[in-house]
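One is the number of the first residue; the rest follow in order along the sequence. Whatever order the structure lists ligands and atoms in, that order sets their numbers, starting from 1.
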Amino acid sequence: MKVKIAPSILAADQADLKNEVARVEEAGADMIHIDVSDGHFAPNISMGPDTVKSLRNVTRLPLDVHLMIEEPEKFLDRFLDAGGDIVTVHAEVVDEKRLRDFSRTIHSAGKKLGLALKPSTTLPSWFQARLENIDLLLILSVNPGFAGQQFMPSVLPKLAESIKLVGDRQLEFEVDGGVDQRNAAQIVKVGATVLVAGASIFRKGDVKSALQEIRNVTDRTIREVPA
Ligand code: DX5
Ligand code: ZN
């Protein structure tokens, strides 16, 4: 088993995204995390479908699109057409029915659907009933909107609880926000399968060694955790 590393380009140099993505691809990133916020769901405005489209042309890595927006139904198709491979929507703005509709659209396009929870949001009552519709659960470990915030360890029990509920079903468990070289081991021990990392990769000077350091920690931790 291998834990995936998804650098978040929200923390990258926005004037140099092409090269930033090339650097993490070369360093062995597993996918590129793209944070989309609309100034309503999260108090910041970031990238849109055109950014996804441009990045699709410069990397072979899967594009992991995290929609921190109030009306994902209005933009889903555009992010799929732009080349998003995983599109994650927030549980705070979808209900069971909408999630099922998203699942139909996304899966018929051969893409993957993620469900995200803000730090203060508990697992929805319908989570288990809709498990077949999602491929990934994103546990946000900072409040949405900005890179470079402090990891909130208080989300880890929610991660553990969801892993238990999911049981044998194949689902990615992605932890997003404040992940770094020091706390990665603790998060992987609880059972995360994807680590998103922004500032701890792009704002460390040497992108390559920053990513590789996280990789060393995850590899070492996986070896130590009893199967
Ligand atoms: C928060 C975003 C995160 C964040 C990750 O709104 O969803 O993806 O940018 O960046 P770091 O790792 O710097 O917290
Ligand atoms: Zn994110």
Quiz item: Would you call Gly178 a ligand 1 contact, heavy-atom distance under 4.0 Å?
Solution: yes
Quiz prompt | Residue pair His107 / Asn133, side-chain donor-acceptor N/O under 3.5 Å | solution = no
Quiz prompt | Ligand-residue contact atoms, ligand 1 with Ala197, heavy atoms, under 4.0 Å | solution = 12 (O)
Quiz prompt | Side chain, backbone, both or neither: Arg203 near ligand 1, heavy atoms under 4.0 Å | solution = neither
Practice problem: Go through ligand 1 atom by atom and flag the ones less than 4.0 Å from a non-hydrogen atom of Leu10. | Solution: 9 (O)
Quiz item: In a check of side chain to side chain contact (heavy atoms under 4.5 Å, CB included) between Leu211 and each of Val24, Asp206, Asn216, which one passes?
Solution: Val24
Quiz item: Is any N or O atom of Ser200, backbone or side chain, closer than 3.5 Å to an N or O atom of ligand 1?
Solution: no
Quiz prompt | Sub-4.0 Å heavy-atom approach of Asp180 to ligand 1 | solution = no
Practice problem: May I ask you to identify the nearest protein heavy atom to atom 12 (O) of ligand 1, giving residue, atom name and distance to one decimal place in Å? | Solution: Gly198 N, 2.7 Å
Quiz item: Just which atoms of ligand 1 are under 4.0 Å from any heavy atom in Gly145?
Solution: 1 (C), 6 (O)
Quiz item: Can you name the N/O/S atom of Asp176 that is nearest the Zn ion (ligand 2)?
Solution: OD2
Quiz item: Taking both backbone and side-chain atoms of Asn143, is any N or O found less than 3.5 Å from an N or O belonging to ligand 1?
Solution: no
Quiz item: Are any of the N or O atoms of Ala199 closer than 3.5 Å to those of ligand 1?
Solution: yes
Quiz item: If you measure from each heavy atom of Gly177 to ligand 1, is any distance below 4.0 Å?
Solution: yes
Quiz prompt | Protein heavy-atom partner closest to atom 7 (O) of ligand 1 - residue, atom, separation in Å | solution = Asp35 OD1, 2.9 Å
Quiz item: Between Glu20 and Arg23, does at least one N-O distance fall below 4.0 Å, as a salt bridge requires?
Solution: yes
Quiz item: Under 6.0 Å from the six-membered ring centre of Phe41 and within 45° of its axis: does the NZ or CZ of Lys118 meet both?
Solution: yes
Quiz prompt | SB check Asp95 Lys97 (cutoff 4.0 Å) | solution = no
Quiz item: Hey, is Asp101 close enough to Arg104 for a salt bridge, meaning N to O under 4.0 Å?
Solution: yes
Self-check item: Electrostatic pair Asp13:Lys18 at N-O distance under 4.0 angstrom
Solution: no
Exercise. Examine Gly148 against ligand 1 and note whether any of their N/O atoms are separated by less than 3.5 Å.
Key: yes
Quiz item: Looking at Asp64 and Lys112, does any basic side-chain N land under 4.0 Å from a carboxylate oxygen?
Solution: no
Practice problem: Could you tell me which N, O or S atom of Asp35 is nearest to the Zn ion (ligand 2)? | Solution: OD1
Practice problem: Please work out the angle at the Zn ion (ligand 2) defined by atom ND1 of His66 on one side and atom NE2 of His33 on the other, rounded to 10°. | Solution: 100°
Quiz item: Do we see a donor-acceptor contact under 3.5 Å between the side chains of Ser200 and Asp180?
Solution: no
Exercise. Under the side chain to side chain contact (heavy atoms under 4.5 Å, CB included) rule, what do Val3 and Thr221 come out as? Steps first, then yes or no, please.
Key: CA-CA 10 Å; Val3 172; Thr221 311; over 6 Å; no
